[in-house]
S.K.: 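One structure, as structure tokens, below. Some questions next.
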Amino acid sequence: MNFFDQVYDLVKKIPEGRVTTYGEIAQALGTRDARKVGWALHSNPYEDVVPCHRVVNKNGRLAPNFAFDGPGEQWRRLEQEGITFLDRDHVNLKQHLFVFDSHS
DNA sequence: TAGATGACTAATA
DNA sequence: CTATTAGCCATCT
């Protein structure tokens with residue numbers, strides 16, 4: 001089980017209408033490097049398997065909009081799941097942040 | 001092997 | 001809130 005698979009496994013566990021941060025995933029995996037998480041999603045997102053659109057940075061800001069099918073695609077998917085936004089690029093973390101129980 | 005890069009975070013201004 | 005710096009570490013060249 002590589003780091004990548006662990007990341008994908010966790011991301012797949014994020015329920016609909018929820019989002020989480022790179023830092024949360026990193027900690028849940030016993031590391032502190034959120035960059036690795038970002039790199040994992042960038043490298044092999046297992047498209048249609050891993051809901052990477054539910055992963056945002058600590059500020060609630062979406063990843064670069066061009067990281068998916070097209071600009072605004074991440075936003076469209078999230079809104080469709082019931083996620084509320086502060087603006088076009090920021091999800092309402094306060095309401096939708098999902099935390100893994102691995103590190104309490 | 002070394003240096004640059006990056007879907008990040010935290011501290012500081 | 002933004003901008004800058006530093007820390008982090010796998011991957012790329």
Side-chain angles (χ1 to χ4, degrees):
Chain A
M1 191 89 134
N2 2 357
F3 185 86
F4 283 33
D5 294 319
Q6 299 186 53
V7 172
Y8 305 141
D9 194 49
L10 285 177
V11 174
K12 277 190 292 189
K13 284 177 179 158
I14 304 172
E16 286 186 14
R18 295 292 198 109
V19 294
T20 194
T21 66
Y22 297 94
E24 277 298 323
I25 297 173
Q27 282 179 50
L29 289 159
T31 181
R32 202 185 289 99
D33 192 2
R35 255 179 185 159
K36 265 193 338 183
V37 178
W39 184 244
L41 295 180
H42 177 201
S43 170
N44 195 354
Y46 279 86
E47 264 183 78
D48 306 321
V49 183
V50 179
C52 30
H53 53 273
R54 294 188 189 134
V55 184
V56 296
N57 66 11
K58 208 161 193 318
N59 229 8
R61 189 145 70 98
L62 269 51
N65 346 23
F66 44 83
F68 295 88
D69 296 324
E73 185 54 23
Q74 183 173 20
W75 171 85
R76 192 186 67 73
R77 287 184 169 193
L78 288 171
E79 191 185 46
Q80 215 171 60
E81 292 184 357
I83 305 287
T84 57
F85 284 75
L86 305 177
D87 63 61
R88 198 43 168 20
D89 283 342
H90 296 71
V91 300
N92 191 336
L93 273 186
K94 193 153 191 199
Q95 188 176 343
H96 300 293
L97 179 60
F98 175 75
V99 197
F100 300 102
D101 45 4
S102 311
H103 61 93
S104 302

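When reading the values below, keep in mind they use all heavy atoms of this one structure, side chains included, and skip hydrogens, waters and symmetry mates. By convention in this document, chain letters (A, B, ...) are assigned in the order of the sequence lines, proteins followed by strands, and residues within each chain are numbered from 1.
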S.K.: Between A:D33 (CG) and C:dA6 (P), how many Å, whole number?
M.R.: 18 Å

S.K.: For A:F4, is there any backbone N or O sitting under 3.5 Å from a side-chain donor or acceptor partner on A:N2?
M.R.: no

S.K.: To the nearest Å, give me how far apart CG (A:D87) and C1' (C:dT2) are.
M.R.: 14 Å

S.K.: State whether A:N59 places a side-chain N or O below 4.0 Å from either non-bridging phosphate oxygen (OP1 or OP2) of C:dC1.
M.R.: yes

S.K.: Can you measure A:Y22 atom OH to C:dC8 atom C1' for me and round it to whole angstrom units?
M.R.: 16 Å

S.K.: Starting the side chain at C-beta, find the nucleotide from C:dC12, B:dA10, B:dA7 nearest to A:A63.
M.R.: B:dA7

S.K.: Closest nucleotide of DNA chain C for A:R32 versus for A:W39: which of these residues is on the 5' side?
M.R.: A:R32

S.K.: Calculate the interatomic distance between A:F4 atom CZ and C:dA10 atom P; express it in whole Å.
M.R.: 10 Å

S.K.: Rounding to a whole Å, what distance do you find between A:D89:CG and C:dC1:C1'?
M.R.: 14 Å

S.K.: What's the shortest heavy-atom distance between A:R61 and A:V56, and which atoms?
M.R.: O-CB, 3.5 Å

S.K.: If the threshold is 4.0 Å, N to carboxylate O, is there a salt bridge linking A:E81 and A:R77?
M.R.: no

S.K.: To check you understand the geometry: which heavy-atom pair defines the closest contact between A:T21 and A:K58, and what is its length?
M.R.: CG2-CA, 4.1 Å

S.K.: Only one of A:L78, A:L41, A:V19, A:I14 passes side-chain contact (heavy atoms from CB on, under 4.5 Å) with A:H53; say which it is.
M.R.: A:L78

S.K.: Send over the distance from A:K36 NZ to B:dT5 C1', rounded to a whole Å.
M.R.: 17 Å

S.K.: Applying a strict under-4.5 Å side-chain criterion to I, L, V, M, F, W and Y, I'd like to know whether A:L86 and A:W75 cluster together.
M.R.: no

S.K.: What is the distance, to the nearest angstrom, from the CZ atom on A:R61 to the P atom on B:dG6?
M.R.: 15 Å

S.K.: What I'd like to find out is whether the side chain of A:R54 reaches to under 4.5 Å of the side chain of A:V11, using heavy atoms alone.
M.R.: no

S.K.: Which whole-number value in Å describes the distance from A:Q74 CD to B:dA7 C1'?
M.R.: 8 Å

S.K.: Give DNA chain B the dot-bracket treatment, 5' to 3': Watson-Crick (N1-N3 with N6-O4 or O6-N4) or G-U (N1-O2, O6-N3) under 3.5 Å, [ ] crossing, | other strand.
M.R.: .|||||.||||||

